[in-house]
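Each chain gets a letter, A, B and so on, in the order the sequences are listed, and its residues count up from 1. Values reported hereafter were calculated over all heavy atoms of this structure, with side chains retained and with hydrogens, waters and symmetry mates removed.
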Amino acid sequence: MKILTLALYNDLTRKKEKFIPIEEGKVRFYSCGPTVYDYFHVGNARPFIVFDVLRRWLEHEGYKVTFVQNFTDIDDKMIHRAHQEHITVAELAEKFIAEYNKDADALGIRRPDVSPRATEHIPEIINTIERIIANGHAYVSEGDVYFDIQSWPKYGSLCKQNLEDLEAGARVEPGEKKKDPLDFALWKAEKPGEPSWESPWGKGRPGWHIECSAMSSKYLGDNIDIHSGGVDLMFPHHENEAAQSEAATNNGKPFVNYWLHNGFLLIDSEKMSKSLGNFLTARAAIEKYPPLALRFFMLSAHYRSPINFTPEGLEQAAAGVSRLRNCKSDLDFAAKTRTGDSDFDINKFHDELKELDKKFSDAMNDDFNTAAAMGILFDVVSLINTSLKNHDKLPEEFFTASKNALNTYDEILGVIGPDEAECENDNESAEIEALIQERTQARKAKNFARSDEIRDTLKARGIILEDTPQGTKWKKEL
RNA sequence: GGCGGUAUAGCCAAGUGGUAAGGCAGAGGACUGCAAAUCCUUUACCCCCAGUUCGAAUCUGGGUGCCGCCUCCA
């Protein structure tokens, strides 16, 4: 099937739809970020990685993307944790925002264009709530402000539940403060010992959902193209967000045109979550597995499918990354030693690359099918490897085109990474090269004991030697 | 109970009506001093039962298994 333009599965319509941005050539993209009360876990890492790749793909396709991802730095969990740690909520937030950035950077997740924090947008939040009240969709109750879901006929349209079913499932105590058990807090009255801000309804703090409405509107406008997050955010978070945002503008326009939700990351075939206690922090995962393998793993299944986090899965991913990296390093080595006149059919090669590139684009444009796209990447690798195998000398154009192709795909997927052997200016490289020289001499002298010793010594340091007809090349273990 | 997802080789996984991408692992071969990498060859009754169709992994109906949401949660 040929898809010329991007199609995305929209959870609002539950259909794959052609992507048409609000403003030609631009994408307004809001992604739900972490609540910064702890390290994030590998389940959280999935949307961060996956939607980062979507962002990169959109940019690759020529869109000017404004990518906003919030930090939730005030809510019940923040308050509890700060109490436990005997620090302020602000200190807790500061710490885990820094930790988030550390882990996200390690995972190759690009920083958002804007990373707004809830506590830095209290005026915007209050303003949004005021507009919702003014439009008749929220009410004040003893210092709290609640969204009045009965006043909002569309409520339930994202999660496709009718109100009766939702209410049947709602275990929330109706309480005297709420008119309807499904009504949710926009503003919570101050409780002793909790951070609070002045508001028209007295001191208090924002509810969970309202920050996204307020900040999204501030940085992206009232109507945005893409809003993403995990499936569990569909209800109630995104349902509530949509209701709030649309009730605030009350202009009949949708808050979000395309709702995207990633499937869960499972561990032992069960949902990974902090409440179940079966989670692995991204920090721990990074210490255990190469970040490239973690990315590869996340992208090896379609983003909407559940994915099962297992040691075998990660080992397989790491092996896949190695194959990609080997291709790159073989290419770099051959470029230095085997460039020259050749009967290689460069035109045919260009055509084949072009055809694969088309397939890659089709896969990415077909609801962002990274699993299929990675399959194509491996086809590219096979094409390069075969060419390398079948020709002693290859034209410079071959190397340029091959490297460009790999680099382009790596800029989008981020699963290959840099080639350490290419960084020749440091002392380590010089030392390795010297040992390789010594080993080459030993091999010439048929002193295989010494040559194997050198190879083993380096292997123990994570340096892999490979002998080729053009000499010995080295690479770092993943 | 309501809503939704999913079932493809030993493992992971794509596939959106024309008789199954890709990766990992395994086997055999080439190459190598030995390795490693790479290349070549090799591995699928697409959960079950009906149905629609000239033709279905793909559509319909019915089963069965697994998962998720409906409550803080990516």
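Asn407(A) contributes a side-chain N or O that, together with a main-chain N or O of Lys403(A), makes up a donor-acceptor pair within less than 3.5 Å. Remark: side-chain polar atoms of Arg56(A) are not paired, donor with acceptor, to backbone N or O of Leu413(A) under 3.5 angstrom. Glu239(A) contributes a side-chain N or O that, together with a main-chain N or O of Cys159(A), makes up a donor-acceptor pair within less than 3.5 Å. The backbone N or O of His391(A) sits less than 3.5 Å from a side-chain atom of Arg338(A), completing a donor-acceptor pair.
Legend: residues meeting side-chain contact (heavy atoms from CB on, under 4.5 Å) with Thr337(A), ordered by chain and number and at least two apart, are Phe333(A), Gln470(A). For Lys348(A), the side-chain contact (heavy atoms from CB on, under 4.5 Å) partners two or more places apart in sequence, or in a different chain, are Asp345(A), Glu352(A).
Pairing partner, C59(B): G51(B), with both Watson-Crick or wobble hydrogen-bond distances short of 3.5 Å. Under the Watson-Crick and G-U wobble criteria, each requiring two contacts below 3.5 Å, nucleotide U32(B) is left unpaired. In a base pair of the Watson-Crick type (N1 to N3 plus N6-O4 or O6-N4) or a G-U wobble (N1-O2 and O6-N3), with each distance short of 3.5 Å, U42(B) is matched with G26(B). Under the Watson-Crick or G-U wobble criterion, with both distances below 3.5 Å, C69(B) is paired with G2(B). Pair assignment for U8(B): G15(B), on the basis of Watson-Crick or G-U wobble contacts that are both within less than 3.5 Å.
Looking at heavy-atom distances under 4.0 Å, Met272(A) makes contact with a base. As judged by a 4.0 angstrom heavy-atom cut-off over every strand, Asp330(A) is placed among residues touching the sugar-phosphate backbone only. Base engagement by His41(A) is indicated by at least one non-hydrogen atom pair under 4.0 Å involving a base atom. Using a 4.0 Å heavy-atom cutoff across all strands shown, Asn44(A) reaches at least one base atom of the nucleic acid. Within the 4.0 angstrom heavy-atom criterion, no nucleotide atom of any strand lies near Leu377(A). As judged by a 4.0 angstrom heavy-atom cut-off over every strand, Arg439(A) is placed among the base-contacting residues. In this structure, Ser451(A) reaches the bases: a heavy-atom distance under 4.0 Å links it to at least one base atom across the strands shown. Nucleic acid contact for Arg443(A): base, since at least one base atom lies under 4.0 Å from a heavy atom of the residue. Using a 4.0 Å heavy-atom distance criterion, Leu465(A) is classed as a base contact.
The separation of C70(B) from G10(B), taken at their C1' atoms, amounts to 38 Å, rounded to a whole angstrom. To the nearest whole angstrom, the two C1' atoms, one in A37(B) and one in A44(B), are 29 Å apart. Taking atom P in both C47(B) and U8(B), the straight-line distance is 6 Å, to the nearest Å. Of the C1' atoms belonging to A9(B) and G5(B), the separation is 24 Å, rounded to the nearest Å. For the P atom pair drawn from G28(B) and A35(B), the interatomic distance equals 13 Å after rounding to whole Å. A14(B) and A21(B): their P atoms are spaced 15 Å apart (whole Å). Separating the C1' atom of C46(B) from that of G15(B) is a span of 10 Å, rounded to the nearest Å. Separating the P atom of A57(B) from that of C66(B) is a span of 26 Å, rounded to the nearest Å.
Asn308(A) has no side-chain polar atom (N or O) that falls below the 4.0 Å cut-off from OP1 or OP2 of C12(B). Here Lys271(A) reaches the OP1 or OP2 of C69(B): one of its side-chain N or O atoms lies under 4.0 Å away. Between Asn369(A) and A14(B), a side-chain N or O to OP1/OP2 separation shorter than 4.0 Å is absent.
Nearest nucleotide to the side chain of Asn326(A), out of A14(B), A37(B), A74(B): A37(B). Side chain of Lys389(A), nearest nucleotide from U38(B), A74(B), A14(B): U38(B). Of the candidate nucleotides A13(B), G33(B), A37(B), A37(B) has the atom lying nearest to any side-chain atom of Glu466(A).
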Scan the side chains in residues 368-379 of chain A for donor-acceptor partners under 3.5 Å anywhere in the protein, sequence neighbours excluded, and list what turns up.
from: Asn369(A); atom 1: OD1; to: Ala371(A); atom 2: N; distance (Å): 3.4
from: Asn369(A); atom 1: OD1; to: Ala372(A); atom 2: N; distance (Å): 3.0
from: Thr370(A); atom 1: OG1; to: Leu299(A); atom 2: O; distance (Å): 2.8

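The pair Asp76(A)-Arg205(A) counts as a salt bridge, with a side-chain nitrogen and a carboxylate oxygen less than 4.0 angstrom apart. Salt-bridge check for Lys177(A) with Asp144(A): passed, with a basic side-chain N closer than 4.0 Å to an acidic carboxylate O.
The aromatic ring of Phe264(A) does not sit over the base of G68(B), since the test of centres under 5.5 Å and planes under 30° is not met.
Residues Tyr100(A) and Phe48(A) share a closest heavy-atom pair of CE1-CE1, 3.6 Å.
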Open item on the list: Walk me through whether His80(A) and Gln84(A) qualify under side-chain hydrogen bond (donor to acceptor under 3.5 Å, both in side chains).
Closed with: CA-CA 6 Å; His80(A) 288 148; Gln84(A) 283 176 1; over 6 Å; no
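Comparing Ser305(A) and Lys473(A) by the nucleotide of RNA chain B that holds the closest heavy atom to each, the one mapping nearer the 5' end is Ser305(A).
Scanning atom types as modelled, one donor and one acceptor separated by under 3.5 angstrom connect the side chain of Arg455(A) and the base of A35(B). In the interface, the side chain of Asp467(A) is paired with the base of C34(B) through a donor and an acceptor atom under 3.5 Å apart.
Residues in residues 305-320 of chain A take part in these side-chain hydrogen bond (donor to acceptor under 3.5 Å, both in side chains) pairs, two or more places apart or across chains: Ser269(A)-Asn308(A).
In this entry the distance linking CG of Leu265(A) with C1' of C67(B) reads 13 Å, nearest Å.
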Restricting to nitrogen or oxygen on both sides, can you table the protein-nucleotides 22-26 of chain B pairs closer than 3.5 Å?
from: G23(B); atom 1: N2; to: Gln316(A); atom 2: OE1; distance (Å): 2.8

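Near RNA chain B, meaning a heavy atom under 4.0 Å from it, residues 224-233 of chain A has Gly229(A), Gly230(A), Asp232(A), Leu233(A) in order of number.
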